[in-house]
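As structure tokens, the structure follows; a few thoughts come after it.
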Amino acid sequence: MDDQPRLMHSSHGVGMAGHPGLAQHMQDGTGGADGEGRKQDIGDILQQIMTITDQSLDEAQARKHALNCHRMKPALFNVLCEIKEKTVLSIRGAQEEEPPDAQLMRLDNMLLAEGVSGPEKGGGSAAAAAAAAAAGGGGSDNSVEHSDYRAKLSQIRQIYHTELEKYEQACNEFTTHVMNLLREQSRTRPISPKEIERMVGIIHRKFSSIQMQLKQSTCEAVMILRSRFLDARRKRRNFNKQATEILNEYFYSHLSNPYPSEEAKEELGKKCSITVSQVSNWFGNKRIRYKKNIGKFQEEANMYAAKTAATATNVSTHGSQANSPSTPNSAGGYSSPCYQSDRRIQ
DNA sequence: AGCAATGATTGGAG
DNA sequence: CTCCAATCATTGCT
């Protein structure tokens, strides 16, 4: 691709300025009988093309100047432009429009969502928000994990941006280079602005395909990072004893309806330093596991029932008996906890 | 290593 | 959306 402009440059210099014979041929168009003479002419032209690289820069410049000043130049140039316009238009046109690349859009969206391509990691990115939410629980383990994740993510981000910048710069440089060349040549060779535009389009497409690869590999890197760090199943931490205690207390004291409301979940989450969805997960797991094997949990149930009973009596002896969980079945009914899955209240 | 416990995810139902 | 049920993946004990 690099030497294409140079080739174009050399060929026209010969054809027009260096060889009057060509103009002659163009005039008597049909060419006709003297095949011999024509062959000779073409041979000359080829010869000149072959030797063009031997010419000095000054010489080439002089030829160019001579061409530009030739009295027939404007007329010839117009003819060439016209012919070219026609052929170019007939060749092109059909394949002009390209559909907005769905794949590229997907990649862009993902990079944006992951906070790689978006604005600096303020509050905007989903990943940052999720990380903040998860770390907001307060577990120092968690925040360490997430800061590690964020560090890696910003590393990816940085690489992505520097690479992108590099590509963009290279693209721009190359584009302006080609444009300059074409503009320069357009003085001696029929090059329409449209053609330049198209050439720029081609260059941009080439570079954007490189960019696409960059985006793809960045996406892959982010996905791997995510699965490493954010897939909680991989880095699961058991809740601490106190949290489990609090959750179990609530569960067994609401055994007839172990479905904490949104507020209750928030409260529990706060108490246990976990998120609301973690509370939901815990209750979901607990319900199903309790139901599956009530016998196994009997002891635990008794223990917590006794515990809540103790605190209840404690509170009632201390102050007013305001402690009445919405479903006070726990006090004595622990021996036969009536778990009914379809008695839930939304 | 093998195992149970456990937190999280997934897919389907309502 | 929530919940259930099954399942995954890790933890922590033996």
Side-chain angles (χ1 to χ4, degrees), chain A residues 106 109-110 113-115 125-150 152-153 219-308 325-327 329-330 334 337-346:
Chain A
R106 268 215 315 280
N109 284 342
M110 193 199 142
E114 295 301 331
S125 76
S140 55
D141 271 2
N142 242 351
S143 51
V144 167
E145 300 271 325
H146 284 291
S147 70
D148 205 5
Y149 170 77
R150 276 201 293 271
K152 288 259 170 31
L153 188 67
C219 271
E220 273 165 25
V222 170
M223 291 308 276
I224 290 166
L225 186 69
R226 261 182 92 78
S227 66
R228 280 265 167 75
F229 281 83
L230 290 191
D231 186 352
R233 282 191 295 200
R234 293 187 187 280
K235 284 275 176 189
R236 181 172 66 75
R237 282 277 112 96
N238 289 354
F239 297 155
N240 61 38
K241 234 179 166 183
Q242 201 189 348
T244 314
E245 199 107 319
I246 291 166
L247 292 167
N248 270 319
E249 248 168 61
Y250 188 99
F251 180 80
Y252 286 111
S253 66
H254 297 75
L255 206 48
S256 65
N257 184 39
Y259 297 87
S261 64
E262 197 56 35
E263 294 81 45
K265 281 180 191 171
E266 274 173 37
E267 177 89 19
L268 285 166
K270 220 181 278 175
K271 273 190 198 164
C272 304
S273 308
I274 57 177
T275 65
V276 172
S277 58
Q278 281 179 304
V279 175
S280 298
N281 285 340
W282 190 90
F283 272 87
N285 282 324
K286 190 73 184 181
R287 279 191 299 265
I288 196 74
R289 282 163 187 165
Y290 179 82
K291 199 177 89 175
K292 256 186 175 169
N293 193 351
I294 293 178
K296 199 176 77 183
F297 287 94
Q298 197 62 64
E299 203 177 324
E300 195 180 63
N302 290 344
M303 197 188 88
Y304 280 103
K307 207 173 197 168
T308 35
S326 50
T327 50
N329 86 309
S330 52
Y334 57 81
C338 49
Y339 182 93
Q340 286 165 323
S341 66
D342 44 8
R343 264 239 283 169
R344 61 179 181 234
I345 302 167
Q346 253 308 49

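Letters go in sequence order (proteins before strands), and every chain restarts at 1. Values below: all heavy atoms of this structure, side chains included; hydrogens, waters and symmetry mates excluded.
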**Report entry** Residue A:Glu262, side-chain heavy atoms: nucleotide from C:dT2, C:dA5, B:dA8 that is nearest
**Finding:** C:dT2
Query - Atom-to-atom span, CZ of A:Phe283 to P of C:dC3 - whole angstrom - result: 11 Å
**Report entry** Between A:Tyr252 and A:Phe297, ring centroids under 6.0 Å
**Finding:** no
Query raised in the report: Can you name the residues that form a salt bridge (Lys or Arg N to Asp or Glu O under 4.0 Å) with A:Lys265, not counting sequence neighbours?
Result: none
Report summary line: Taken to the nearest whole Å, NZ/A:Lys291 to P/C:dC4 is 7 Å
Requested in this report: State which residues pass salt bridge (Lys or Arg N to Asp or Glu O under 4.0 Å) with A:Glu245; sequence neighbours excluded, sorted by chain then number.
Outcome: A:Lys307
Query - Set of residues satisfying salt bridge (Lys or Arg N to Asp or Glu O under 4.0 Å) with respect to A:Glu266, sequence neighbours excluded - result: none
Query raised in the report: Residues in side-chain contact (heavy atoms from CB on, under 4.5 Å) with A:Asn238, at least two apart?
Result: A:Arg236
**Report entry** Residue A:Lys286 excluded, over 12 heavy atoms near NZ under 6.0 Å
**Finding:** yes
Query raised in the report: A:Asn240 has an atom CG; how far is it from atom P of C:dG12, in whole Å?
Result: 12 Å
Report summary line: DNA chain C nearest-nucleotide lookup for A:Ser280 and A:Lys292: closer to the 5′ end is A:Ser280
Query raised in the report: Starting at OH of A:Tyr290 and ending at C1' of C:dA5, how long is that distance when rounded to a whole Å?
Result: 19 Å
Report summary line: Between CG of A:Asn281 and P of B:dA8 the distance, given in whole Å, is 5 Å
Query raised in the report: For B:dA8, does OP1 or OP2 lie under 4.0 Å from any side-chain N or O of A:Gln278?
Result: yes
Report summary line: A:Lys241 atom NZ is separated from C:dC13 atom P, nearest whole Å, by 10 Å
Query raised in the report: OP1 or OP2 of C:dT10 sitting under 4.0 Å from any side-chain N/O of A:Arg237?
Result: no
Please tabulate the protein-to-nucleotide N/O contacts below 3.5 Å involving nucleotides 2-6 of chain B, giving atom names and distances.
from  : atom 1 : to       : atom 2 : distance (Å)
B:dT6 : O2     : A:Arg236 : NE     : 3.3
B:dT6 : O2     : A:Arg236 : NH1    : 3.4
B:dT6 : O2     : A:Arg236 : NH2    : 2.9

Query - Qualifying residues under side-chain contact (heavy atoms from CB on, under 4.5 Å), relative to A:Thr244, sequence neighbours excluded - result: A:Phe239, A:Asn248
Requested in this report: Could you check how far CG of A:Asn285 sits from P of C:dT7, rounded to whole Å?
Outcome: 14 Å
Requested in this report: Measure the distance from CZ on A:Phe251 to P on B:dG7 and round it to the nearest whole Å.
Outcome: 13 Å
